[in-house]
Colleague: 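This is the structure, below, for whatever I ask next.
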Amino acid sequence: MKIEFIPLDYESFDFNDKNFVRIIGRNEKGKRICLVDSIDAYFWVILKEGLSKSKIEEIQKKIENIRVEKPGRKTHVEKTSVFNKNYMGKEVKAIKVFITNYKDAHDVADKIDYSEVDKRRAYDIPIVTKYIMDKKLCPLNWYEIEGEIEANDLDVDLCLRVDKIKNIGMREFTPKILAYDIEASEFEAENGEILMISLYGTDYKKVLTWKRCSKKQDFVECFKSEEEMIEKFVKYVKEYSPDLLVGYFSDGFDLPYIKIRAEANKIKLNLGLDNKQPSFSRGRIVSGKIAGIVHVDIYRFIETAYSQYMQSETLSLDDVANELLGNKKKKFDFSKLGKMKEDDWNEFFEYNLHDSYLTFSLAEKIWPDISEFSKIIQEPIFDVTRDGMSSNVENHILHNLERFNEIPEKRPIHDEIEKRRAMPKYEGAFVFQPIPGIYENITFFDFTSMYSSVIVSYNLSLSTYSTEKEKEFLEVDLGKEGKAHFSKNKGFFSIILEEIIEKRKKCKKEYNEKPSPILKARSNAYKLLANASYGYLGFFGARYYCRPAAASVAALARKSIIDTIEKIKNKGHRVIYSDTDSIAFLYDDKKEVLAMLKDINERLPGIMELDLEDFYKRGIFVLKKTKDKGEQTGAKKKYALIDEKGKMKIKGFETVRRDWCTLVRELQSKVLEIILMEGNEKKALELVKESIKKLKERKIEKEKIMIRTQLKKPLSEYKSITPHVIAGQKLKEKGVPIKIGMLVEYFISETRERKALVREKVKLPDEKGEYNIDYYLNNQLIPSVENILDVFGVKIQDVADGSSQKKLF
DNA sequence: GCGGCGCTTATACC
DNA sequence: ACCGGTATAAGCGCCGC
């Protein structure tokens, strides 16, 4: 029989000792379909150069006799055949070794340690990835599948055993999404119980609870017990039959919580289409997988794909929903949990439902991104929503190697990883030493995707790298580290990256002509992939790790930017700043600037391209806050600009740092605005004086003096007990669970006795106490504005009242 | 008890 | 452990006096 099919979820399984893959997706009518397909279980044995035909045949025979026994499974080599392949861009003779079960590939490969064998490869690729690589049944593409109906015990409309796969291209697909969210009595599932579970889908909203029945809210369903509630949750999910079950932080909280509570209630959480429970796996952070339904933790995808371009200071559902949807969480006062009245419960149900609603809306909003990631990288939705960018880069390469007839490199293991991690840092970007001051009429140039374009233009990668000086090779001077050499024959890494950049350009152009969320998402996915490629080269866990290549990228980028600075200087411009891929200089004629840009571009190698970032009306650079008063220099990575439309761009200043209090951030931002907009430092000074006065009169609102700092590790692991660690300890004493990554909020209070350390004055927001005038004046307010005003020769310390001056007796 | 300096820590820039 | 290096700055930790 023949059907049309779009793959959504993949899972491998064994049958009669052999590997199979089960793919869940939809057909053109929206029916849920299951495919079962076999897997070619094989790996590669790369032979040393110059072996005779008979020698190779002898090795094949030896390999064909290998047997491996594992508990409950026997694997043997089923057949071998010899191919001309490429490895690291070079032609090799390689034996393709087919075995009974791919899980034993490593063990079989270990036995092939003959002297004629150079390398063994492709035994360490996840089965589903390998399946997609070989059969090209890629996620979210449409296929015409021919196959026989297969008996199954899955909750699907049809199951086929695959005979033929034919790609019939891309078509739009809107997945059925169901969002869920739980509220619990305690953070730890071991001590708590689930109070309610909300579900939100298209024309679908429910809150399941066993706590209090509401007659006012038609979406609330009340059950006798937690057990019954969980059972109904499973039933409802199955009835809704979503393609995607989405939560926010659900890998870390909701799904494991429900699993633990199901166990405590001695019931099965059989959410899977195979009626099995979710499984939790994959490394450092657990991932909850449900068979046949793609469980997506929106938080994790946002973290890798969105966070670097987001303004939000945290990735909480509240902040993220606010930024991406313009909708916030509902308010609920958790302190009243112990003494809830009916209205409080109704409020709580609303709150819980709204979280699912936000999660659902976020899922709909970011679906184009998830979908484009999955299609471009060719990994399942489950994986691309959880993998980091290094895995994404690597998987994208793996899925493109076949075109180069290339055998994949192995993944590094313990010793190799340790070796790589022990390597010293190589020299990175160039940052120009700015001279403090206020500047007018500034141009910013920047290189478009500089590091990626350096990789492509100079062909830098593992497969093109050589330690030795060879003919026709590019030599890169790495200073103290010696020299690196790179072939001029294009390597697959550069070619793949160049394609990424090209495709990005193409869809960005298309997007500008005819905007659509899909095109934007596609362009963004290519951009992220390109931007992560350089980091990938220097990442210790990478298959195609190449430290000399990464160091060469940085070295050539430095050379490029320094040469360009020279060119701009030679044209008579004063260069005032530069960081990595951008150059700022003063101008008086835009036409001349553009002509110079054109001229520079004509001489740049390969795909390297210098772009006009913008013209700015005014900009300010400040001094570094050095302790020794001897040599004062300008601060790098700290400046503010205003463009011709009056839009400010603030970099590095306290204003953009979330670990400074709002008082300081707002004041500094206003000071910068007055100075850049009006060039009026006297007015700015007046504002500062006013603020100081208000501060001294204790008229500053409490929320403006709160300091928020992230806890980046468990409290016990801090070697230095800083104020935010004390705040964390105080929270813990109060019974608030301390989670890595959480922001702790505190303020610095007055103390009865004179205390030397800041941490001795730390108080939580709800603790009684006045803010410490001396601290907020001398450690917060003054430091944030003194170097800005100093540019105008104004010494704020002289302005501030003598009694509160820093260290003045 | 205090000054100085190195270290730890968080966060930003690109 | 889950992309790289460069940079600022605060506040502790600890030494010496």
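Just so we're on the same page: letters track the sequence lines, and every chain starts at 1.
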Colleague: If the cut-off is 4.0 Å, is A/K651 near the phosphate of B/dC14, judged by side-chain N/O to OP1 or OP2?
Modeller: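 Yes, within the criterion.
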Colleague: Say whether A/S279 and A/S281, considering side chains only, have a donor N or O and an acceptor N or O under 3.5 Å apart.
Modeller: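 No, no side-chain donor-acceptor pair sits under 3.5 Å.
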Colleague: Reckon A/N779 has a side-chain N or O less than 4.0 Å from the OP1 or OP2 of C/dG11?
Modeller: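 Answer yes for this pair, as a side-chain N or O of A/N779 is under 4.0 Å from OP1 or OP2.
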Colleague: Can you classify the ring geometry of A/F621 versus A/Y577 as parallel (below 30°), tilted (30 to 60°) or perpendicular (above 60°)?
Modeller: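 Tilted: the ring planes of A/F621 and A/Y577 meet at 30° to 60°.
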Colleague: Under 4.0 Å, counting only non-hydrogen atoms across every strand here, what does A/G541 touch: a base, just sugar-phosphate, or nothing?
Modeller: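 Counting heavy atoms under 4.0 Å across all strands, no contact is made by A/G541.
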Colleague: Is it the case that B/dT11 (base atoms only) and A/R658 (side chain only) share a donor and an acceptor within less than 3.5 Å, ignoring hydrogens and angles?
Modeller: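 No.
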Colleague: Give A/Y545 one of three labels, base, sugar-phosphate or nothing, depending on what nucleic acid heavy atoms sit under 4.0 Å from its own.
Modeller: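 Here A/Y545 touches no strand at all.
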Colleague: Between A/K625 and C/dA10, is there a contact of a side-chain N or O with OP1 or OP2 at under 4.0 Å?
Modeller: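 Yes, A/K625 has a side-chain N/O under 4.0 Å of OP1/OP2 on C/dA10.
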Colleague: Please lay out, stage by stage, how A/I125 and A/M133 fare under the test side chain to side chain contact (heavy atoms under 4.5 Å, CB included).
Modeller: CA-CA 10 Å; A/I125 297 169; A/M133 283 167 72; 4.1 Å; yes
Colleague: Is A/R759 near enough to B/dT9 that one of its side-chain N or O atoms lies under 4.0 angstrom from OP1 or OP2?
Modeller: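 Answer is no, no contact under 4.0 Å.
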Colleague: Answer yes or no: does a side-chain N or O of A/Y775 lie under 4.0 Å from OP1 or OP2 of C/dG11?
Modeller: yes
Colleague: Hey, is the side chain of A/K636 poking within less than 4.0 Å of OP1 or OP2 on C/dA7, counting only N and O atoms?
Modeller: yes
Colleague: Which is true for A/E427 with a 4.0 Å heavy-atom rule: it touches a base, it touches only sugar-phosphate, or it touches nothing?
Modeller: sugar-phosphate
Colleague: Atom NZ of residue position A/K730 - does it have more than 12 heavy atoms of other residues, nucleotides or ligands inside 6.0 Å?
Modeller: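 Atom NZ in A/K730 is crowded, with more than 12 foreign heavy atoms closer than 6.0 Å.
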Colleague: Check whether any side-chain N or O of A/S720 sits under 4.0 Å from OP1 or OP2 of B/dT8, and answer yes or no.
Modeller: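 Checking A/S720 against B/dT8: no side-chain N or O falls below 4.0 Å of OP1 or OP2.
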Colleague: The side chain of A/R657 lies closest to which of these nucleotides: C/dC2, B/dC13, B/dT11?
Modeller: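 The closest nucleotide is B/dT11.
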